[in-house]
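These notes concern the structure reproduced below.
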There are 2 protein chains.
Amino acid sequence: MLRLTRRSEYGLMALAYLASRPGEYCSVREIVEELKLPKRLLAEVLKDLSRAELLEATRGPGGGYRLTQPAERLALARVVEVLEGPVAMTDCMAHSCDLEASCIIQTGIGRVTRNIRNVLEGMTVAELLPAQPETPLAV
Amino acid sequence: MLRLTRRSEYGLMALAYLASRPGEYCSVREIVEELKLPKRLLAEVLKDLSRAELLEATRGPGGGYRLTQPAERLALARVVEVLEGPVAMTDCMAHSCDLEASCIIQTGIGRVTRNIRNVLEGMTVAELLPAQPETPLAV
DNA sequence: TAATTTAGCACCCAGATGGTGCTCTTCCAT
DNA sequence: ATGGAAGAGCACCATCTGGGTGCTAAATTA
């Protein structure tokens with residue numbers, strides 16, 4: 001429906017939060033309380049992000065998640081791909097099409113898809129945070 | 001899931017088809033046979049498009065649908081809006097948000113949404129068709 | 001060893017989406 | 001005027017995905 005799933009939405013929120021505390025390990029509990037999101041679900045999402053190595057996790061007291069790389073280098077496209085698969089306007093663009101022959105808009109949709117993907121690749125998690133010039137003095 | 005619905009997909013295909021026969025009334029049956037799409041569903045979609053006045057319909061023998069305006073002036077965004085509601089990355093962007101307070105990526109998502117919308121507003125149905133320089137000599 | 005925190009698995013529910021059947025109405029052509 | 005063609009409306013169903021939860025295991029630190 002041309003919408004991000006909640007997984008992506010929550011994931012982006014959490015990543016943005018983590019971006020605002022560079023270096024620190026933040027527990028799911030903390031993030032959830034801060035952002036008011038459903039705990040189990042966010043946990044699920046963070047796990048996926050960590051499996052994809054966008055985050056790293058530490059267990060035990062004082063543990064939690066943190067970014068594996070500066071938010072300025074983390075493209076939104078990457079996040080969405082991890083959380084909901086390839087960025088594409090239609091399934092045929094993501095995998096393959098059984099209508100190829102009769103599909104007259106194949107190339108056109110291809111172009112749209114590419115443009116959308118560019119938008120998502122051109123923006124980073126760092127840019128999600130409200131005005132905050134280049135992270136003045138952080139890690 | 002950041003995908004067009006099939007309704008949009010089929011709708012765009014049909015519009016592109018109609019764009020390739022400017023002026024002519026094409027019946028649902030004809031379109032369906034040509035593009036190999038599910039009849040009832042496509043009919044449903046075309047009805048919606050005609051209700052939104054992107055198409056005009058004529059009944060009876062020789063009837064069918066045709067574009068109400070040149071395809072060069074019909075933005076993809078318009079079609080998607082008719083078929084699946086406002087173009088927005090999240091529901092909060094389309095309507096309103098109950099997390100506003102704790103949502104730290106509001107402005108950021110707003111920017112993404114605007115960019116995506118621009119992509120869809122910048123492309124027309126005419127551009128969906130494969131290379132075809134400005135419709136040489138048609139209506 | 002106890003407490004904290006992530007990881008893995010299995011499951012449920014609701015709503016959106018894709019798809020179909022049937023009947024009614026409109027309208028053209030003869 | 002009349003019959004057939006074609007769109008419109010309505011009601012319905014099946015399936016899939018997505019949101020959300022519970023419980024237990026494994027890891028880590030104090």
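Numbers restart at 1 for each chain; the letters A, B, ... are given by sequence-line order, proteins then strands. Hydrogens, waters and symmetry mates are skipped; everything else that's a heavy atom, side chains included, is used.
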Give each protein N/O atom lying under 3.5 Å from an N/O atom of nucleotides 26-29 of chain C, with the pair distance.
{"from": "C:dT26", "atom 1": "O4'", "to": "B:Arg59", "atom 2": "NH1", "distance (Å)": "2.8"}

*salt bridge (charged side-chain N to carboxylate O under 4.0 Å, His left out): pairs with one or both residues in residues 57-71 of chain A, sequence neighbours excluded*: A:Glu56-A:Arg66
Distance in angstrom units between [X] [atom1] and [N] [atom2], rounded:
| X | N | atom1 | atom2 | result |
| --- | --- | --- | --- | --- |
| B:Lys39 | C:dC22 | NZ | P | 13 Å |
| B:Asp91 | C:dG15 | CG | P | 14 Å |
| A:Asp48 | C:dA7 | CG | P | 10 Å |
| A:Leu41 | C:dA7 | CG | C1' | 16 Å |

*Nucleotide interval of DNA chain D bounded by contacts with chain A (heavy-atom cut-off, under 4.0 Å)*: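 First and last nucleotides in contact are D:dG19 to D:dT29.
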How many angstroms lie between [atom1] in [X] and [atom2] in [Y], if you round to the nearest 0.5 Å?
| X | Y | atom1 | atom2 | answer |
| --- | --- | --- | --- | --- |
| A:Met123 | A:Leu12 | CE | CG | 9.5 Å |
| B:Met89 | B:Asn115 | CE | CG | 10.0 Å |
| A:Thr90 | B:Glu9 | OG1 | CD | 5.0 Å |
| B:Leu15 | A:Ile105 | CG | CD1 | 9.0 Å |

*Using heavy atoms to find the nearest nucleotide of DNA chain C for B:Pro38 and A:Lys47 separately, return the residue whose nucleotide is more 5′.*
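The residue closer to the strand's 5' end, by nearest nucleotide, is A:Lys47.
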*A:Met1 or A:Arg40: which one's nearest nucleotide on DNA chain C is closer to the 5' end?*
A:Arg40
*Excluding sequence neighbours, so at least two apart, what forms side-chain hydrogen bond (donor to acceptor under 3.5 Å, both in side chains) with A:Thr58?*
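side-chain hydrogen bond (donor to acceptor under 3.5 Å, both in side chains) check on A:Thr58 returns A:Tyr25.
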*Listed by chain and number, what are the side-chain hydrogen bond (donor to acceptor under 3.5 Å, both in side chains) partners of A:Arg3, not counting sequence neighbours?*
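With neighbours one apart ignored, the set is B:Asp91.
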Mind checking what makes side-chain contact (heavy atoms from CB on, under 4.5 Å) contact with [X], not counting sequence neighbours?
| X | result |
| --- | --- |
| B:Arg21 | B:Tyr17, B:Glu24, B:Cys26, B:Glu30 |
| A:Val82 | A:Leu49, A:Ala52, A:Leu54, A:Arg78 |
| A:Arg117 | A:Val87, A:Thr113, A:Glu121 |
| A:Thr5 | A:Arg7, A:Ser8, A:Glu84, B:Met1 |

*Tell me, which of residues 63-71 of chain B have any heavy atom that sits under 4.0 Å from an atom in DNA chain D?*
B:Gly64, B:Tyr65
*Would you jot down, in residue-number order, the residues of residues 25-33 of chain B having a non-hydrogen atom under 4.0 Å from DNA chain D?*
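Hits under 4.0 Å, by residue number: B:Ser27, B:Val28, B:Arg29.
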*A:Ser50 vs C:dA7: side-chain N/O to OP1/OP2 distance below 4.0 Å*: yes
*For A:Glu34, what residues pass the salt bridge (charged side-chain N to carboxylate O under 4.0 Å, His left out) criterion, not counting sequence neighbours?*
none
*Is there a donor-acceptor pair closer than 3.5 Å between any side-chain N or O of A:Arg111 and the backbone N or O of B:Leu128?*
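No: the side chain of A:Arg111 does not pair with the backbone of B:Leu128.
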